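Worksheet: the structure to be examined is printed underneath.
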Amino acid sequence: MIAEIDILASSARRRVRKAISRQKAARRRTDWRVHLAAALLSVTAGSHAWAGEVMTFDSAGAAPGTIIVHTEERRLYLVVSRGVAVRYAVGVGRAGRQWQGTSTISGKYLKPNWEPPSDVRRDSPQLPEIIPSGSPQNPMGAAAMTIAGGLYAIHGTNKPESIGKFVSYGCIRMFNEDILDVFSRVNVGTTVIVVP
């Protein structure tokens, strides 16, 4: 009986050692992918700086190029390969203005004018119908990518202090250098997933 217990215990120890070894090997493979993605991103970043952080990321099967916004984290993830993403700090919708779901980028605009949506105009009726690019009242910043048929946008900002907060009417705000980086990496039709 004792010999059988010793055999079972020895077998269990071997299984645990094998599982630990597999986990370490998987971590090394993931670390290698993260370092490769970081190197590729630094080579392709172009002339502008970007503040995104390359990291391991469980994209739940999302294809490279997919944008995933985690509202509660106030982070946007650009999936670059299986298990690897670039993470950016963002400003998101305030209470009662948040949304979730899957959409696609329907348009890309550099230095866009801004036409305040009806909700914004209702709360701020003094706003003009169109606010030109570069105006301190224009919240779109350096670039914008419309989603949900133009109802919302992922855009830069003229108020960098708003990044990392619950501040918008449902749009996703980014630092201007970050929106320019993401803008250069995705196309119209890119999938955008917004989760709580």
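Keep in mind that what you see is a predicted model, and the values were worked out from it rather than measured.
- One finds the CG atom of Asp58 at 10.0 Å from the CZ atom of Arg82 (value rounded to the nearest 0.5 Å).
- For Leu110, the side-chain contact (heavy atoms from CB on, under 4.5 Å) partners two or more places apart in sequence, or in a different chain, are Ala143, Leu180, Phe183.
- For Tyr152, the ring pair (Phe, Tyr, Trp, His ring centres under 6.0 Å) partners two or more places apart in sequence, or in a different chain, are Trp99.
- For Ala144, the side-chain contact (heavy atoms from CB on, under 4.5 Å) test picks out Pro112, Met140, His155, with sequence neighbours left out.
- Sorted by first and then second residue, the salt bridge (charged side-chain N to carboxylate O under 4.0 Å, His left out) pairs with a member in residues 109-122 read Arg97-Asp119, Asp119-Arg122; sequence neighbours excluded.
- Judged as a side chain to side chain donor-acceptor pair (under 3.5 Å), and not counting sequence neighbours, the contacts of Glu73 are Tyr77.
- Val186 is connected to Val194 through a chain of hydrophobic side-chain contacts under 4.5 Å among Ile, Leu, Val, Met, Phe, Trp and Tyr, so both are in one cluster.
- Of the possible donor and acceptor atoms, none in the side chain of Thr157 sits under 3.5 Å from a partner among the backbone N and O of Met174.
- Taking CD1 from Ile172 and CD1 from Ile147, the interatomic distance works out to 6.0 Å, rounded to the nearest 0.5 Å.
- Applying the side chain to side chain donor-acceptor pair (under 3.5 Å) test to residues at least two apart or on different chains, the pairs with a partner in residues 162-175 are Asp123-Tyr169, Ser162-Arg173.
- Residue pairs that meet the side chain to side chain donor-acceptor pair (under 3.5 Å) test with at least one member in residues 125-139, sequence neighbours left out, do not exist here.
- For the atom pair CZ of Arg75 and NE2 of His70, the computed distance is 11.5 Å after rounding to the nearest 0.5 Å.
- Val167 and Ile154 fall into different hydrophobic clusters, defined by Ile, Leu, Val, Met, Phe, Trp and Tyr side-chain heavy atoms under 4.5 Å apart, directly or through other members.
- In terms of heavy-atom proximity, Pro160 sits nearest to Phe175 at O-CE2, 3.6 Å.
- Annotation: the span from Gln100 atom CD to Ile193 atom CD1 amounts to 12.0 Å, rounded to 0.5 Å.
- For Thr66, there are no side chain to side chain donor-acceptor pair (under 3.5 Å) partners, not counting sequence neighbours.
- The structure places CG of Leu78 at 11.0 Å from CG of Asp178, a figure rounded to the nearest 0.5 Å.
- In this structure, Asn176 contributes its side chain and Ala142 its backbone to a donor-acceptor pair below 3.5 Å.
- Here Ile130 contributes atom CD1 and Asn113 contributes atom CG; the two are 6.5 Å apart, rounded to the nearest 0.5 Å.
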(Q) What verdict does the side-chain contact (heavy atoms from CB on, under 4.5 Å) test give for Met145 and Ile179, after you've listed the backbone C-alpha separation in whole Å, the side-chain angles of each residue and the deciding distance to 0.1 Å? (A) CA-CA 9 Å; Met145 300 181 297; Ile179 188 63; 3.8 Å; yes
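- The minimum heavy-atom distance linking Ser81 with Pro64 is given by the pair CA-CG, 4.0 Å.
- Residues Ile105 and Ile67 are in side-chain contact: their nearest non-hydrogen atoms beyond the backbone lie under 4.5 Å apart.
- Two different hydrophobic clusters hold Val188 and Val182 under the rule that ILVMFWY side chains link at heavy-atom gaps under 4.5 Å.
- Here the closest heavy-atom approach between residue Gly150 and residue Ser106 is recorded as N-OG, 3.8 Å.
- Every side-chain contact (heavy atoms from CB on, under 4.5 Å) that Glu72 has, sequence neighbours left out, goes to Gln98, Phe166.
- Evaluation of the ring-ring contact (aromatic ring centres under 6.0 Å, His included) test over residues 103-143, restricted to residues two or more places apart or in two chains, returns none.
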